[in-house]
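Have a look at the structure below before the remarks.
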Amino acid sequence: MTKVIHLIAAARPNFMKIAPLYHALSKQDWCTAKIIHTGQHYDANMSDSIFEDLMLPKPHYHLGVGGGTHAYQVGNVMIAYEKICLEQERPDLLVVVGDVNSTAACAQVGAKLHIPVAHLEAGLRSGDRRMPEEINRLVTDAISDYLWTPSPDADENLRKEGHPDSRIQRVGNIMMDSFELLRERIERENAPAQFGLTPGKYGVVTMHRPSNVDEEATLTSLMEQIMAVAAKVELLFAVHPRTRKNLEKFGLWDRLAATSGLHLTEPVSYAPFMSLVKDAKLIITDSGGIQEETTYLGIPCLTLRENTERPVTVTEGTNRLVPTAELQQNVEKVLAGTWITGTKPNFWDGKTADRIVEIIQRMFLEN
Ligand code: UD1
C-alpha cells in the first residue's frame with residue numbers, strides 16, 4: 001500500500017520549501033505526496049505565480065482560509081484541515097514547514113489526531129516572543145514527532161528545550177534545493193533588465209514584519225532611510241500587501257513613488273525575484289528566507305531587525321543586523337567594497353530533499 005504524505009503550503013515562504021520535497025517524493029513509487037494549500041496567502045503574485053514557477057500542480061486540497069487575525073487564521077485552518085483528515089483522507093505522515101500561522105495550526109491537528117508530524121526547518125529561534133513566528137516555531141516543535149533542522153544552532157536550541165536526539169535530524173536548507181532546481185530558469189530570466197536596472201548596480205528592498213511596518217512612526221523613519229539610500233544607489237522595492245496597505249494608510253506611498261532612484265513594484269514571483277537578488281549589489285530586508293538566500297549567493301544582506309532566528313547567516317554568511325539609524329553607513333560600506341564575505345553553511349547544497357526522502361522511507365520501513 002502506498003503511503004500518503006500531506007505537505008502543508010500556506011504562505012509565500014512555504015512554497016519554496018515544499019516544492020523540492022514534492023518533486024522528490026513524486027518520483028517514488030512507495031508514496032503519494034499531496035499538497036494542502038491553506039489559503040493564508042491568496043493574491044496571484046503571492047501564491048499562484050510562485051506555484052507555477054516552482055512547477056507545482058494545483059493543490060490537491062485548498063482550504064481557502066484567507067487573511068485575518070492570528071486567532072481567525074489558526075482557528076479556521078485547524079477546523080478546515082481537521083475536516084480533510086477526518087472526512088476525506090487521513091495521511092500517514094504530515095509535513096509542515098517554516099513558521100507561519102498555518103504551520104502551527106496543521107501541526108496541532110496532526111498531533112491531536114495521532115498522525116505523525118514532521119517539522120521541516122525545526123529549531124530556529126529568534127528568542128523574541130513578540131514575533132508571531134517565534135510562537136509558531138515553539139508550538140510546532142513542541143508537538144512534532146520529527147524535527148528536521150537546517151543548521152547546528154537549530155539542533156542546539158532543540159536540545160536545550162529538552163528534545164531527545166532521536167527526534168532531531170539535520171537535513172540542511174531546503175530553500176537552496178529550490179534555487180538549484182530552477183537555476184537555469186533563474187539565469188535566463190534577466191529580471192534586472194525588465195526593471196531597467198543594471199546588474200551589480202542596484203539594491204533590492206523587501207519589508208513586511210509587523211514590528212517594522214504596522215506602526216506609523218517606525219515605518220516613517222524606515223522609509224526616510226530608504227529614500228536617503230536611493231540617492232546613493234538605485235533601489236527596487238517589492239512591496240508586500242501588508243506593507244502597501246500601511247504605506248497608503250500613513251500617506252507614505254506617494255512620497256516613495258515620487259523619489260528618484262526608487263522603483264516600487266508589486267511582490268515579484270520566485271524566479272524573477274531570485275534573478276534580481278543574484279545580480280544585486282545589496283539587499284535590504286526583514287525577511288527570514290532572503291537572509292539565507294543571500295548567504296547562499298554571497299550577496300551583502302542588511303537585515304532591518306534586532307534579532308534573527310537564522311544566526312548562521314551572520315556567523316558564516318553575508319548577513320548583518322542593522323539598526324534603522326545605521327542603514328546609510330552600512331550601505332556605504334557595501335558601496336566601498338568593504339562588506340564581509342561569507343561561506344555557505346554545511347548541507348546548504350541542494351540535496352536536502354533527497355536526504356528527507358531517505359529518512360521518510362526508512363521511517364516507514366522501521367514502523
Ligand atoms: C505571513 C507570515 C510571515 C511570513 C509572511 C511572508 C504569519 C504569522 N506570518 O505574514 O511569517 O514571513 O507571511 O509573506 O503566519 N494579504 C493580501 N494578499 C495575500 C496575502 C496577504 O492582501 O496574498 C494581506 C492580508 O489580508 C493581511 C496582510 O496582507 O492584511 C498580512 O497577511 P498575513 O498572511 O496575515 O501575514 P503576512 O504579513 O503575510
Side-chain angles (χ1 to χ4, degrees), residues 8-18 36-52 54 59 62-78 80-81 96-108 119-122 124-126 128-141 175 178 204-215 218-219 237-250 253 265-270 273 283 285-293 301 303-305 307-310 313:
I8 304 297
R12 185 171 60 176
N14 295 160
F15 308 146
M16 18 311 205
K17 292 170 194 160
I18 62 145
I36 321 298
H37 193 321
T38 66
Q40 181 173 341
H41 282 177
Y42 45 87
D43 283 0
N45 55 13
M46 294 291 283
S47 178
D48 304 1
S49 53
I50 303 179
F51 259 64
E52 277 165 33
L54 295 165
H62 200 296
L63 310 183
V65 166
T69 64
H70 291 284
Y72 176 94
Q73 275 183 341
V74 172
N76 281 310
V77 169
M78 285 188 73
Y81 182 56
V96 296
V97 301
D99 55 18
V100 303
N101 283 338
S102 306
T103 306
C106 292
Q108 286 189 69
H119 183 205
L120 172 53
E121 200 188 82
L124 297 187
R125 298 288 181 269
S126 66
D128 179 359
R129 291 198 181 187
R130 292 168 307 167
M131 284 179 83
E133 293 80 4
E134 184 76 350
I135 308 298
N136 293 334
R137 293 179 199 118
L138 286 160
V139 167
T140 306
D141 286 341
M175 301 248 292
S178 273
V204 176
V205 180
T206 81
M207 203 77 54
H208 72 278
R209 295 274 155 215
S211 56
N212 276 334
V213 307
D214 284 1
E215 301 274 325
T218 311
L219 188 59
F237 184 1
V239 189
H240 185 282
R242 171 192 284 278
T243 311
R244 176 155 191 161
K245 277 180 202 166
N246 290 334
L247 289 172
E248 285 171 350
K249 187 163 96 190
F250 305 143
W253 181 263
T265 181
E266 299 268 306
V268 180
S269 190
Y270 180 71
F273 188 74
I283 310 292
T285 193
D286 62 6
S287 152
I290 297 172
Q291 295 174 50
E292 299 179 327
E293 288 160 335
C301 184
T303 296
L304 290 165
R305 283 177 49 188
N307 48 53
T308 178
E309 62 287 342
R310 292 159 162 93
T313 60

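As the structure lists them, so they are numbered: ligands from 1, and atoms in each ligand from 1.
Interatomic distance, OG1 of Thr308 versus CD of Gln291, reported as 3.5 Å (0.5 Å rounding). Annotation: the span from Met16 atom CE to Phe273 atom CZ amounts to 8.5 Å, rounded to 0.5 Å.
Among protein heavy atoms, the minimum distance from atom 21 (C) of ligand 1 is reached at His41 CD2, 3.9 Å. For atom 27 (C) of ligand 1, the closest non-hydrogen atom on the protein side is Lys245 NZ, 3.8 Å. For atom 5 (C) of ligand 1, the nearest protein heavy atom (residue, atom name, distance) is His208 NE2, 3.6 Å. The protein atom (non-hydrogen) at minimum distance from atom 35 (O) of ligand 1 is Gln73 NE2, 3.3 Å. The protein atom (non-hydrogen) at minimum distance from atom 36 (O) of ligand 1 is Arg242 NH2, 3.7 Å. Of the protein's non-hydrogen atoms, Tyr42 OH, 2.7 Å is the one closest to atom 26 (O) of ligand 1. The protein heavy-atom contact nearest to atom 2 (C) of ligand 1 is Val100 CG1, 3.7 Å. Annotation: atom 8 (C) of ligand 1 to nearest protein heavy atom, Asn101 OD1, 3.4 Å.
Residues forming a ring-ring contact (aromatic ring centres under 6.0 Å, His included) with Tyr81 (at least two apart in sequence, or on another chain): His6. Asp48 is linked by a salt bridge (Lys or Arg N to Asp or Glu O under 4.0 Å) to nothing, counting only residues two or more places apart in sequence or in another chain.
Looking at ligand 1, you won't find any N or O of His70 less than 3.5 Å from one of its N or O atoms.
Using a cut-off of 4.0 Å between Lys/Arg side-chain N and Asp/Glu carboxylate O, Asp286 and Arg305 are scored as not salt-bridged. Note on Arg244 versus Glu248: salt bridge recorded, some NZ/NE/NH1/NH2 to OD/OE distance being below 4.0 Å.
When atom types are taken as modelled, the side chain of Thr265 and the backbone of Ala238 share no donor-acceptor pair closer than 3.5 angstrom.
Within the 6.0 Å centre-distance limit, the rings of Phe15 and His37 are counted as a close aromatic pair.
Contact annotation: for Pro13 versus ligand 1, heavy atoms closer than 4.0 Å belong to the side chain alone.
Across Arg244, Met46, Arg12, Glu133, heavy-atom proximity to atom 9 (N) of ligand 1 is greatest for Glu133.
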